[in-house]
A.B. asks: 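I'd like to ask some things about the structure below.
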Amino acid sequence: MKHTLSTQQYLILLCITLTASVGDTFLSHGMSQVGQVNLQHLGLLLRALTNGWVIAGIVLLIGFFASYMTALSWADLTFVMPATAFGYVVVALLSRFWLQEHLSFPRCAGIVLIVCAVGFVANGPSRTEHERSHHELDVMDSGVGR
Amino acid sequence: MVGSATSLPVAWTCIAGVAALAISGECLIAAAMRGLGDLDVIRERSGLAGAIRAVLTSPMFLVGAFCMAFNFFAMLYTLSVVELSLAAPATASLTYVGNAVAAKFFLKENVDQRRWLAALFVCAGVYLLSK
């Protein structure tokens with residue numbers, strides 16, 4: 001059976017991609033403002049929690065985890081995985097256009113490969129149907145759980 | 001590529017350990033979510049609190065989350081003995097391929113040709129992005 005996704009489900013996959021990559025970028029930007037944390041300066045970790053970029057990054061990563069688990073409740077792990085990998089592409093583009101970093105040819109090739117991978121999987125079914133066990137069918141027939 | 005005081009076998013043991021923890025965690029969480037059913041439906045029926053309760057009372061989810069937390073600290077240790085340029089792409093690539101294998105054999109997912117190809121493309125893409 002071919003499972004097609006609703007618009008809302010595509011939005012959740014987009015949310016996974018954006019929250020993970022933008023969250024990591026915010027955390028990286030925030031931690032560069034806080035300074036290097038080591039065993040002698042563990043107090044800096046607490047100070048990091050007052051940095052706006054770090055707070056925004058943590059909120060986005062909580063959003064990532066929530067949307068990732070929601071996606072796994074209606075799609076296969078091997079379907080959701082490339083969506084998370086697409087985050088690498090977003091990070092590369094953010095580092096090029098926001099942080100003004102250089103985007104080399106191998107990185108461009110990497111972006112193309114990951115986009116292709118997402119395209120392969122997005123065209124297929126989102127979920128594997130498993131045959132229900134006799135016990136589950138018996139429970140459904142008896143009306144329990146309705 | 002490997003930290004100056006770290007031998008190659010130690011470095012790859014660390015990388016394999018981090019990947020194994022990530023694969024175990026993701027597979028356990030995926031199995032727990034599949035067992036619970038569509039979270040959107042649960043949220044409509046029991047509200048957000050009910051959906052959160054359903055997730056947090058799943059033992060499989062809790063073991064998976066523990067593996068992911070342990071994976072985080074294992075990655076921190078690995079980064080202290082292996083250079084980031086090797087550790088990050090190697091763990092990400094191993095995790096993608098390992099997840100595809102584990103999804104096929106443990107989660108019984110239909111990992112067809114195009115999903116295998118996608119996993120390999122992601123590995124190659126991650127490697128190129130890290131250059």
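All heavy atoms count here, side chains included; hydrogens, waters and symmetry mates do not. Chain A is the first sequence line, chain B the second, and so forth, proteins listed ahead of strands; every chain is numbered from 1.
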A.B. asks: Between A:T84 (side chain only) and A:M81 (backbone N and O only), is there a donor and an acceptor less than 3.5 Å apart?
C.D. replies: yes

A.B. asks: Quick one: what part of A:F65 sits under 4.5 Å from any heavy atom of chain B, side chain, backbone, both or neither?
C.D. replies: side chain

A.B. asks: With only heavy atoms counted, which part of A:Y68 is less than 4.5 Å from chain B, the side chain, the backbone, both or neither?
C.D. replies: side chain

A.B. asks: Between A:A109 and chain B, with a heavy-atom cut-off of 4.5 Å, which part of the residue counts as in contact: side chain, backbone, both or neither?
C.D. replies: both

A.B. asks: Are B:F66 and B:F61 in one and the same hydrophobic cluster, where Ile, Leu, Val, Met, Phe, Trp and Tyr link if side-chain heavy atoms are under 4.5 Å apart?
C.D. replies: no

A.B. asks: Test your reading of the model: is there a side-chain donor-acceptor pair from B:T95 to the backbone of B:A22, 3.5 Å cut-off?
C.D. replies: no

A.B. asks: Please classify the contact of B:V41 with chain A as side chain, backbone, both or neither, using a heavy-atom distance under 4.5 Å.
C.D. replies: neither

A.B. asks: Is a side-chain donor or acceptor of A:T17 paired with a backbone partner of A:L13 at a separation under 3.5 angstrom?
C.D. replies: yes

A.B. asks: How close do A:S21 and A:G87 get, counting heavy atoms only, and between which atoms?
C.D. replies: CB-O, 3.3 Å

A.B. asks: Within the distance-only criterion (no hydrogens, no angle test), does the side chain of B:E109 pair as donor or acceptor with the backbone N or O of A:T78 below 3.5 angstrom?
C.D. replies: yes

A.B. asks: Let me know if B:V111 has heavy atoms under 4.5 Å from chain A in its side chain, its backbone, both or neither.
C.D. replies: side chain

A.B. asks: Measuring heavy-atom distances to chain A, does B:A124 have an atom under 4.5 Å in its side chain, in its backbone, in both, or in neither?
C.D. replies: both

A.B. asks: Between A:I12 and chain B, with a heavy-atom cut-off of 4.5 Å, which part of the residue counts as in contact: side chain, backbone, both or neither?
C.D. replies: side chain

A.B. asks: Using non-hydrogen atoms only, which part of B:L36 is less than 4.5 Å away from chain A: side chain, backbone, both, or neither?
C.D. replies: neither

